[in-house]
Amino acid sequence: MTHAPAVPAASGPSELDRELTTLAERLARRPGLHHVSLAIADADGRSWSGAAGPGTPAGPGASADAPFFIASITKRFIVALVLQAHERGELDLDAAITAYLPAETTARLHVWKGRDRTPEITVRHLASHTSGLPDFYERRSGGPSLYRQLRAGHDLGWTFDDAIAIARDEQHPHFPPQDLAAPRQRASYSDTGFLLLIRILEVVTGRSFAELVAERIAAPLGLVRTWHPAGAPGDPAAPEPMPLHVKRREVRLDGVFASSHDLFSTTAELIAFERALVAGELFADPGTARLLTERRNRLRNAPSLRYGLGTMIFGVHRLNLPRIGPVTLVGHSGSTGTWLFSCPELGVTLAGTVDQTQAQVLPFRVMVGCLQRWTR
């Protein structure tokens, strides 16, 4: 099997280039993977990006410049738009979602012990996964979960109303909406909550989510290869996104792309976005960025992670980085094996993908491998 070589950026020591190139090529040769694209950059101007994977009769192998489906990294964009809207007075983080959404959406969406608790859910609950709402992708009474179908590579589509109906009629809340004044809250990852955030954004701004991403994030940051499936990249010469795979089998999931509201982007543009977000450059008050990590609740359905507002927090043990001790990764991953995290202790940002329909854990292992090589 022929692999497209990993392509290092011009900056960075040659030994580091070799080690990261080898990491990418070894990942792409794993039996359960098809290709990999990854990038790492630090505050001192050092950077590296590369990709490895086989070509096909229809085109070349993996490219470090190619866009890809970023999956739940999109939650970083959603929370950035929510905080912008909060600054603009378009919404209030502590307002009940019933203030923004119609009764047909919210009625009996969260029923706990026979009582409708939906009016207690705030925007902040949704952004921090502390509402108790179930995840419409997960197990349900009406058939196989969407996750199960996606892992198998089955394309499907759904509407906002479909997703809400699953959460209301075929699932159950995990816990009541949490007391956000308490030191700690229960938290359970819920795509339902972020789907509601998108709808709230659209209601209060009168703009579609695709338009908001383009106008309030992509345009100000000059991101020309970051776009919503309902839109188009600003760069007309942008190549087609790299395809998803079930191990080494390519799958087409156009219905999923259109329904999920998740974006396409590149490693370079994701790193640019993450740096701007963390630095507060997307906000009128840079201090607004502190809200991203104002909470650090452990996720019940992903206990290795803590969660802030649209923000995963992952601790890397000192045994993995013996020369520098424990560090923290702050950002977001996606179920298709995507990642975008910054490391505050090292001033490093990492992004990448393996484009698999099931690869939730692998991104964290890859990032640890990158940091081990970066810090030698």
Side-chain angles (χ1 to χ4, degrees), residues 1-12 16-41 47-73 150 153 223-227 229 233 235 237-254 256-257 262-273 333-341 349-370 373-374:
M1 178 170 55
T2 302
H3 288 266
V7 182
S11 60
L16 177 61
D17 291 343
R18 286 192 293 269
E19 291 191 5
L20 290 172
T21 297
T22 299
L23 173 64
E25 291 174 343
R26 285 178 177 172
L27 282 167
R29 287 197 295 267
R30 289 176 59 162
L33 297 181
H34 180 269
H35 63 259
V36 61
S37 176
L38 61 156
I40 182 169
S47 64
W48 185 94
S49 62
T56 67
S63 166
D65 299 324
F68 57 91
F69 178 66
I70 72 172
S72 281
I73 292 174
L150 295 176
L223 307 181
V224 296
R225 292 188 176 185
T226 298
W227 76 98
D235 177 7
E240 287 293 313
M242 291 189 289
L244 290 178
H245 286 74
V246 177
K247 297 183 178 179
R248 293 193 172 274
R249 175 172 63 90
E250 181 179 331
V251 291
R252 298 282 302 186
L253 298 178
D254 294 338
V256 173
F257 295 162
D262 289 336
L263 308 178
F264 296 100
S265 191
T266 66
T267 55
E269 294 203 348
L270 286 175
I271 286 176
F273 162 75
S333 66
S335 63
T336 56
T338 61
W339 64 92
L340 176 62
F341 284 82
T349 308
L350 309 98
T353 185
V354 293
D355 287 318
Q356 291 286 318
T357 58
Q358 182 181 9
Q360 289 97 327
V361 176
L362 185 58
F364 300 95
R365 296 174 180 167
V366 175
M367 286 189 289
V368 170
C370 287
R373 289 156 177 81
W374 193 264

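As the structure is a prediction and not an experimental result, all values here were calculated from the model.
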If we only count heavy atoms from C-beta on, is the P363 to F341 side-chain gap below 4.5 Å?
no

Reported CD1-to-CG distance for the pair I40 and L23, which is rounded to 0.5 angstrom
10.0 Å

Can a donor-acceptor pair be found, under 3.5 Å and without considering hydrogens, that links the side chain of R30 to the backbone of R26?
no

Heavy-atom pair with the smallest gap, counting every atom of Q360 and S335:
CG-CA, 3.8 Å

Rounded at 0.5 Å granularity, tell me how far CD1 in I271 sits from CG in L340.
7.5 Å

Evaluate the side-chain proximity of L16 to W374: yes if any heavy-atom separation is below 4.5 Å, no if none is.
yes

List in chain and number order the residues that pass ring pair (Phe, Tyr, Trp, His ring centres under 6.0 Å) with F273, two or more places apart in sequence or in another chain; answer none if no residue qualifies.
F77

Please check: side-chain N/O of R248 versus main-chain N/O of G32, any donor-acceptor pairing under 3.5 Å?
no

Go through the steps for V354 and L27 under the test side chain to side chain contact (heavy atoms under 4.5 Å, CB included), then give the verdict.
CA-CA 9 Å; V354 293; L27 282 167; 5.6 Å; no

Could you tell me which non-hydrogen atom of A51 sits nearest to which non-hydrogen atom of S63, and how far apart they are?
CB-C, 3.5 Å

Once you round to the nearest 0.5 Å, how far does CD of Q356 lie from NE2 of H245?
7.5 Å

Ignoring hydrogens and angles, state whether a donor on the side chain of D355 or H34 is under 3.5 Å from an acceptor on the partner side chain.
no

What heavy-atom pair brings A71 and T336 nearest, and what distance separates the two atoms?
CB-OG1, 3.4 Å

CG/D235 to OG1/T226 distance, rounded to the nearest 0.5 angstrom?
11.0 Å

Please assess L150 against T357 for the test side chain to side chain contact (heavy atoms under 4.5 Å, CB included), listing each intermediate value before the final yes or no.
CA-CA 6 Å; L150 295 176; T357 58; 5.5 Å; no

Reported SG-to-CH2 distance for the pair C370 and W339, which is rounded to 0.5 angstrom:
7.0 Å

Do any N or O atoms from the side chain of E269 and from the backbone of V224 form a donor-acceptor pair under 3.5 angstrom?
yes

Decide yes or no for R225 and P239: does some side-chain heavy atom of the first lie under 4.5 Å from some side-chain heavy atom of the second?
yes

Considering the options P241, S333, S265, which one meets the side-chain contact (heavy atoms from CB on, under 4.5 Å) requirement together with I70?
S265

Please round to the nearest 0.5 Å and tell me the distance separating atom OG1 of T338 and atom CD1 of I73.
3.5 Å

What is the minimum heavy-atom distance between A62 and A52, and which atoms define it?
CB-O, 3.8 Å

Could you check if a side-chain atom of L362 sits within less than 4.5 angstrom of a side-chain atom of L33, using non-hydrogen atoms only?
yes

Flag the pair T353 / F69 as yes when at least one side-chain heavy-atom distance between them is below 4.5 Å, and no otherwise.
no

Set of residues satisfying side-chain hydrogen bond (donor to acceptor under 3.5 Å, both in side chains) with respect to Q358, sequence neighbours excluded
none

Taking all atoms of both residues into account, what is the closest heavy-atom pair of T267 and G352, and its distance?
CG2-CA, 3.9 Å

Shortest non-hydrogen contact from A24 to L38?
CB-CD2, 3.7 Å

